[in-house]
Amino acid sequence: MKENYFPQEIEKKWQKIWEENDAFHVDDNSDKPKYFALSMFPYPSGKLHMGHVRNYTITDVIARFKKAQGFNVLHPMGWDSFGLPAENAAMKHGANPETWTDENIAYMTKQLKMLGLSYDWNREVTTCKPDYYKWTQWLFLQLYKKGLAYKKEAAVNWCDECGTVLANEQVIDGKCWRCDSVVEKKYLSQWFFKITDYAEVLLEDLDKLPGWGDNVKTMQANWIGKSHGAIFRFKVKEVEGLEVPVYTTRPDTVHGITYLVVAPEYKDIEKLTTPENKAAVEEYRANARKMTEIERLSTERVKTGVPLGTHGINPFTGEEFPLWTADYALVEYGTGAVMAVPTHDTRDFDFAKKFNLPMKVVIQNPENPSDCKDAAYTEPGVLVNSGEFNGMKNEDAKKAITEKAVREGFGEFKTQYRLRDWLISRQRYWGAPIPVVYCEKCGIVPVPEDQLPVLLPKDVDFSVVGKSPITTSPTFAETTCPHCGGKARRETDTMDTFVCSSWYYLRYSDPKNSNLPFAKDKVNKWLPVDQYVGGIEHAILHLLYSRFFTKALRDLGLLDFDEPFKNLLTQGMVLKDGSKMSKSKGNTVDPDEIFENFGADTARLFILSDSPPARDFDWSDAGVEGCYKFLNRVWRLIAANADDISLDYKLEFPLAKVNDDLVRNVHIAMKGITNDISNDFQFNTVISKYRELTNAIYEWRGAKKELNAEDKAVMSFAIISLIKLMSPVAVHLTEEAWAELGGKGSIHDQPWCEWDENLAKASSITLVVQVNGKVKDKIEVDEALSQDEMKAVALDSPRVKELTDGKEIVKVIVVPKKLVNIVVK
RNA sequence: GCUCUAGUGGCGGAAUCGGUAGACGCGUUGGACUUAAAAUCCAAUCGGGAGCAAUCUCGGUGCCAGUUCAAGUCUGGCCUGGAGCACCA
């Protein structure tokens, strides 16, 4: 074995061998229990960044650990390869998005292989390839048949920079999630997925996911935004037969209504406007329409609005109140109209203050009544000024008042969700074409399944601005109706890339299937994913969409499980000097350089070493070097002792004779490392245990001059165990060492180590002796000591005698195998 | 504002059940080896105080209370950072 560690040489050698042997091939027909370890697949942007390295290393170690533990592990990789950057790059360089994407995939594949990841590349999935997007289109058709895909005219978020619409979830602070430019409102006819049909079950089933972090679950719950309340319908004094329904979560405050607000886009707003107010209302609405999201937000809660001139009638009191329009009422939520109770809602209060509208207190805290002159009172209380409901607790009144409305026919109980339907149309080229045609006679006609895939046209001009390049194809749009054979036009919109990534994990179970997206038995065998690892930035979008897809496909009978991802690990960001690595800050670290200078094993070890996976990780050059030095230290340890190590060592002396600390230390490490990986993947402590064991072997070896036969067995046991324990992380070094020591096959096919509970602890224990809760002495004692004996030993300690001399011992607390606390006065 | 999450040495972090706070590493300092450097190895490293010294002593896990023989860990209140949502009626 070479004296020095040359990672570059070793790593290339083994990567080649693994590839030639198809070493990580996964067999569908194994007797072993299955385990599906999944990383979020990357967008092929060009090069791997350190976030990828962290993500894939974590999953790889999990996959290898589970494999060693006897699972049949599915650990695949693929490419989320549709999307705008490819199209932009094509425009910029006059190339084709496909070429650009293929080149990036090739480069990044090379990098992934250099990282030594144990992927079964036979199962690679690439969303922009026709053999994949054919099935994205097919799934669209299934959802369409079920009524879960539909087209409607809607106010949409328009990003001018990207020339496309965005889903609600893709608008961040009024800006585009991808290019950061300001998002505008536009009215367009677009395709939607009816995710709202699944709002309740998407919320409820979060309880079925104990393996997800609470942060992600609450984010999803907040996004779905369930609330309980009531609908009340108000008659309009000036317009016979027209009613304005409102949704409220505070039916208890209904006697306090002093005005009512409808959104500027409210459907009946024109009927509700009197001729005298028409001009002002029109102007207000026109302004609201022009406003971008960001402008609407930047008004920072300064309320605006204009009166409509008409009046509503409160069926509970007979009182009349004015109708207004204001943009703080949202047309998409509830009924688009709000009953305003300024005394008990802060927004209504602000609005009423500004426009000098009347207020009426209807809820009070009897202990500390408020007149609501300076602020709304939104706490619980008792009803006042509310007729028959006076004196009732407001929580009880919610029910009683709604019941009255139900009885008298002007209201009902209502559960409301914030979640909106998922807008999937994109006016872009580089996506899966939506497989429908528009026929003059037959209307919307889905493309028959046997005509899939609808291929992206190649004869397009990428230099066009403000519209989709796909529309420039002279051949694409023009087609015939599959139904009547007449003239028809193809849909030129493509699907949001999140559609493609909402089902890719299912395809891994059966990636080559040309008859179906996946066979039912295979998908049921491999799924759900046992461990999903990825960034927290996908907590809402991708994970919610994937959950929706899984549930919809279950209802279509395509699979038999409810949730796609059993356990979710959201890894923290990789930082440099305290801030996120980014090209603009110039603080990026190129993985290629790390591979070249230190090797992939160092990169893998370091990225796992300093922080637990869920926390942010601060990259430091010194830390990388520290890990490189450690691997060198391990190498030297093995190389220096290689001649004394035998793979068929025998440690066959009776347990009682095992007073060798090294043997115990190895067992302690085995137990500790196994537990640390099993409990929340605490790789940082796993690596500190590698170091402890390495230090212990060095120390043990340093204390001996000559090794006798038994020593050699102990040495062999220790070093081979270290190699085994480190094999999921330092994948190349351990493989080389295993081979050099004469191991057969691959270290990565060896079973995980097993330890003896009796040996996985120190031979004696340290009895901690406290006086009044403070540590005063430590005594090495036999573990078998009874509680009385422990007490006796503690009281016998000279230190204790000294400290308790002349004092009264009030109490002695004995914690078995640990501690004695003597309480004195 | 609401929801989630975190707060421990110079730094990253460790500490199954409430039971030795600071594992392991980085950094720093001193030393060995070397003509020298790199590499490597050894030692020290939470703060204050006492002592020539071994050592002893006090304080210490964001802040303030509480429960307990015993609190980084449990309870109540507060402060700060991070993330998400945000006029959702």
Side-chain angles (χ1 to χ4, degrees), chain A residues 4 172-173 213-223 225-227 229 246-250 253 260-261 263 296-297 299-303 326-330 332-341 344-348 350-351 416-420 536-537 539-540 570 572-573 578 606 609-612 614-627 629-630 632-633 636 672 675-676 679 682 684-692 694-695 698 702 766-778 799 810-824:
Chain A
N4 292 312
I172 293 146
D173 290 334
D214 284 340
N215 52 344
V216 177
K217 285 193 278 189
T218 44
M219 268 191 242
Q220 293 216 352
N222 291 344
W223 191 262
K226 184 179 183 176
S227 64
V246 301
Y247 171 72
T248 179
T249 55
R250 294 296 305 274
T253 64
L260 189 152
V261 179
R296 225 167 129 158
L297 287 170
T299 52
E300 273 296 306
R301 269 158 231 227
V302 174
K303 301 261 185 304
D327 61 11
Y328 86 89
L330 307 172
E332 320 92 275
Y333 186 75
T335 63
V338 185
M339 64 176 227
V341 184
H344 305 298
D345 181 283
T346 48
R347 295 152 306 188
D348 299 344
D350 293 344
F351 191 83
Q416 185 71 40
Y417 301 90
R418 242 182 44 131
L419 185 71
R420 318 268 160 81
I536 186 75
E537 65 272 19
I540 298 174
T570 48
M573 284 189 300
F606 177 55
S609 66
D610 268 5
S611 298
R615 253 195 261 184
D616 286 350
F617 177 87
D618 208 340
W619 183 276
S620 78
D621 296 336
V624 181
E625 277 171 43
C627 287
K629 283 182 190 174
F630 172 65
N632 273 284
R633 190 167 146 82
R636 286 195 306 271
N675 287 347
D676 285 355
N679 304 332
Q682 296 177 53
N684 54 331
T685 56
V686 167
I687 285 157
S688 70
K689 281 167 181 137
Y690 291 161
R691 291 177 187 272
E692 282 174 352
T694 307
N695 292 345
Y698 263 109
T766 306
L767 176 65
V768 175
V769 183
Q770 296 181 331
V771 175
N772 286 345
K774 298 203 170 184
V775 179
K776 294 295 174 188
D777 204 358
K778 295 171 190 179
R799 276 290 285 149
V810 185
K811 205 174 184 183
V812 179
I813 285 128
V814 181
V815 181
K817 298 182 188 181
K818 241 177 204 156
L819 163 148
V820 176
N821 186 14
I822 299 153
V823 187
V824 297

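Quick caveat: nothing in here was measured; it's all calculated off a predicted structure. Lettering of chains follows the sequences in order, A, B, ..., and the numbering in each one begins at 1.
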Engineer: List the residues meeting salt bridge (charged side-chain N to carboxylate O under 4.0 Å, His left out) with A:R799, not counting sequence neighbours, and say none if there are none.
Structural biologist: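 A:R799 satisfies salt bridge (charged side-chain N to carboxylate O under 4.0 Å, His left out) with A:E802 only.
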Engineer: If only side-chain N and O atoms of A:Y328 are considered, is one of them under 4.0 Å from the OP1 or OP2 phosphate oxygen of B:rA89?
Structural biologist: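 No, outside the criterion.
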Engineer: Under the salt bridge (charged side-chain N to carboxylate O under 4.0 Å, His left out) rule, collect the residues that match up with A:K226, sequence neighbours excluded.
Structural biologist: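 A:K226 satisfies salt bridge (charged side-chain N to carboxylate O under 4.0 Å, His left out) with A:E200 only.
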Engineer: For B:rC74 and B:rC58, measure between their C1' atoms and round to the nearest Å.
Structural biologist: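 Result for the C1' pair: 27 Å, nearest Å.
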Engineer: Considering all heavy atoms of both residues, which atom of A:H344 and which atom of A:R250 are nearest to each other, and what is their separation?
Structural biologist: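 Of all heavy-atom pairs spanning A:H344 and A:R250, the closest is O-NH1, 3.9 Å.
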Engineer: I want to check a possible cation-pi pair here: A:K303 against A:F351, using under 6.0 Å from ring centre and within 45° of the ring axis as the test.
Structural biologist: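 Judged by the rule (NZ or CZ under 6.0 Å from the ring centre, within 45° of its axis), A:K303 is not positioned above A:F351.
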Engineer: How many whole angstroms separate atom CG of A:N679 from atom P of B:rU16?
Structural biologist: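 Rounded to the whole Å, the gap is 10 Å.
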Engineer: So which heavy atom on A:A329 is nearest to which on A:A263, and how close?
Structural biologist: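 Residues A:A329 and A:A263, closest heavy atoms: O-CB, 3.2 Å.
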Engineer: Applying side chain to side chain donor-acceptor pair (under 3.5 Å), can you list everything that pairs with A:D214, at least two apart in sequence or on another chain?
Structural biologist: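 Here no residue qualifies.
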Engineer: Checking understanding here: a glycosidic angle within 90° of 0 is syn, the rest anti, so what is B:rC24?
Structural biologist: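 In terms of base orientation relative to the sugar, B:rC24 is anti.
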Engineer: Checking A:N222 now: which residues fulfil side chain to side chain contact (heavy atoms under 4.5 Å, CB included) with it, not counting sequence neighbours?
Structural biologist: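 Applying side chain to side chain contact (heavy atoms under 4.5 Å, CB included) to A:N222 gives none.
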Engineer: Name the nucleic acid region contacted by A:Q682, choosing base, sugar-phosphate or nothing; use a 4.0 angstrom heavy-atom cut-off, strictly under.
Structural biologist: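 It contacts sugar-phosphate atoms only.
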Engineer: Of the nucleotides B:rA89, B:rG84, B:rU57, which one has an atom closest to the side chain of A:V338?
Structural biologist: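 Side chain of A:V338 sits closest to B:rA89.
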Engineer: In whole angstroms, how far is the P atom of B:rU16 from the CG atom of A:D676?
Structural biologist: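 That distance rounds to 10 Å.
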Engineer: With P as the reference atom in both, quote the distance from B:rU34 to B:rA54 in angstrom, rounded to an integer.
Structural biologist: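 Approximately 31 Å lies between the P atom of B:rU34 and that of B:rA54.
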Engineer: What pairs with A:N4 under side chain to side chain contact (heavy atoms under 4.5 Å, CB included), at least two apart in sequence or on another chain?
Structural biologist: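 Partners of A:N4 under the side chain to side chain contact (heavy atoms under 4.5 Å, CB included) test: A:F6.
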Engineer: Please tell me if A:S611 has a side-chain N or O lying less than 4.0 Å from either OP1 or OP2 of B:rG13.
Structural biologist: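 Answer yes for this pair, as a side-chain N or O of A:S611 is under 4.0 Å from OP1 or OP2.
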Engineer: How are the rings of A:Y247 and A:Y333 set relative to one another: parallel (under 30°), tilted (30 to 60°) or perpendicular (over 60°)?
Structural biologist: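 If you compare the ring of A:Y247 with that of A:Y333, the planes turn out perpendicular.
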Engineer: Distance check needed: B:rC41 P versus A:Y698 OH, whole Å only.
Structural biologist: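 Those two atoms, OH and P, are 7 Å apart.
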Engineer: Tell me the interatomic distance from A:N675, atom CG, to B:rC17, atom C1', rounded to whole angstroms.
Structural biologist: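 One finds 15 Å between C1' of B:rC17 and CG of A:N675, rounded.
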Engineer: Taking atom P in both B:rU55 and B:rU73, what distance in whole Å separates the two?
Structural biologist: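 That atom pair is separated by 31 Å.
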Engineer: Of all the nucleotides listed (B:rC87, B:rA89, B:rC69), which has the minimum atom distance to the side chain of A:N821?
Structural biologist: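 Nearest to the side-chain atoms of A:N821, counting from C-beta on, is B:rC69.
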Engineer: Rounded off to whole Å, could you give me the CG-to-C1' distance for the A:D350 and B:rA86 pair?
Structural biologist: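 The distance from CG of A:D350 to C1' of B:rA86 comes to 15 Å, rounded to the nearest Å.
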Engineer: Could you encode protein contacts along nucleotides 20-30 of chain B as a string, one character per nucleotide from 5' to 3', using B for base contact, S for sugar-phosphate-only contact and - for no contact, with a heavy-atom cut-off of under 4.0 Å?
Structural biologist: B--BSSS----
Engineer: Any idea which of B:rA89, B:rC85, B:rC69 is nearest the A:R418 side chain?
Structural biologist: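 Ranking B:rA89, B:rC85, B:rC69 by closest atom to the A:R418 side chain puts B:rC85 first.
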Engineer: Specify the glycosidic conformation (syn or anti) of B:rG27, with syn defined as within 90° of 0.
Structural biologist: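 It is anti.
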Engineer: Can you tell me the distance, in whole Å, between the CG atom of A:L330 and the C1' atom of B:rC85?
Structural biologist: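 One finds 14 Å between C1' of B:rC85 and CG of A:L330, rounded.
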Engineer: Give me the distance, rounded to whole Å, that separates B:rU8 from B:rU61 when you measure between the P atoms they each carry.
Structural biologist: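 Pairwise P distance, B:rU8 against B:rU61, rounds to 11 Å.
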Engineer: Of all residues at least two apart in sequence or in a different chain, which pass the ring pair (Phe, Tyr, Trp, His ring centres under 6.0 Å) check with A:F617?
Structural biologist: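 A:F617 satisfies ring pair (Phe, Tyr, Trp, His ring centres under 6.0 Å) with A:F606 once adjacent residues are dropped.
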Engineer: Taking the nucleotide of RNA chain B with the nearest heavy atom to each, does A:R633 or A:I813 sit closer to the 5' end?
Structural biologist: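 Comparing both residues, the 5'-ward one is A:R633.
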Engineer: Looking only at side-chain N and O atoms, does A:K303 come under 4.0 Å of OP1 or OP2 in B:rA89?
Structural biologist: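 Looking at the OP1 and OP2 atoms of B:rA89, neither is under 4.0 Å from any side-chain N or O of A:K303.
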Engineer: Mind checking what makes side chain to side chain donor-acceptor pair (under 3.5 Å) contact with A:R418, not counting sequence neighbours?
Structural biologist: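 With sequence neighbours excluded, A:R418 shows a side chain to side chain donor-acceptor pair (under 3.5 Å) to no residue whatsoever.
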Engineer: For a stem of at least 3 consecutive Watson-Crick or G-U pairs with distances under 3.5 Å, i pairing with j, i+1 with j-1 and so on, which stems involve RNA chain B?
Structural biologist: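 Stem segments, range with range: B:1-7 with B:79-85, B:10-12 with B:24-26, B:27-32 with B:40-45, B:46-50 with B:55-59, B:62-66 with B:74-78.
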Engineer: Quote, to the nearest angstrom, the C1' distance that separates B:rC17 from B:rA70.
Structural biologist: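 That atom pair is separated by 14 Å.
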Engineer: Using the side chain to side chain contact (heavy atoms under 4.5 Å, CB included) criterion, which residues pair with A:V768? Sequence neighbours excluded.
Structural biologist: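 A:V768: side chain to side chain contact (heavy atoms under 4.5 Å, CB included) contacts with A:Q770, A:V775, A:L819.
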Engineer: Reckon A:R636 has a side-chain N or O less than 4.0 Å from the OP1 or OP2 of B:rA39?
Structural biologist: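 No, outside the criterion.
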Engineer: What's the closest nucleotide to the side chain of A:V823 if the choices are B:rC69, B:rC85, B:rA89?
Structural biologist: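 Of all the options, the side chain of A:V823 is nearest to B:rC69.
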Engineer: To the nearest Å, give me how far apart CZ (A:F617) and C1' (B:rA83) are.
Structural biologist: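 Computing the A:F617:CZ to B:rA83:C1' distance gives 20 Å.
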Engineer: Who are the side chain to side chain contact (heavy atoms under 4.5 Å, CB included) partners of A:A539, not counting sequence neighbours?
Structural biologist: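 Once residues adjacent in sequence are excluded, the partners of A:A539 under the side chain to side chain contact (heavy atoms under 4.5 Å, CB included) criterion are A:V216, A:M219, A:I536.
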Engineer: Just checking A:K817: base, sugar-phosphate only, or nothing, at a heavy-atom cut-off of under 4.0 Å?
Structural biologist: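 The residue A:K817 makes no contact with any strand.
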Engineer: Distances under 3.5 Å only, N/O to N/O: pair up the protein atoms with those of nucleotides 2-8 of chain B.
Structural biologist:
none

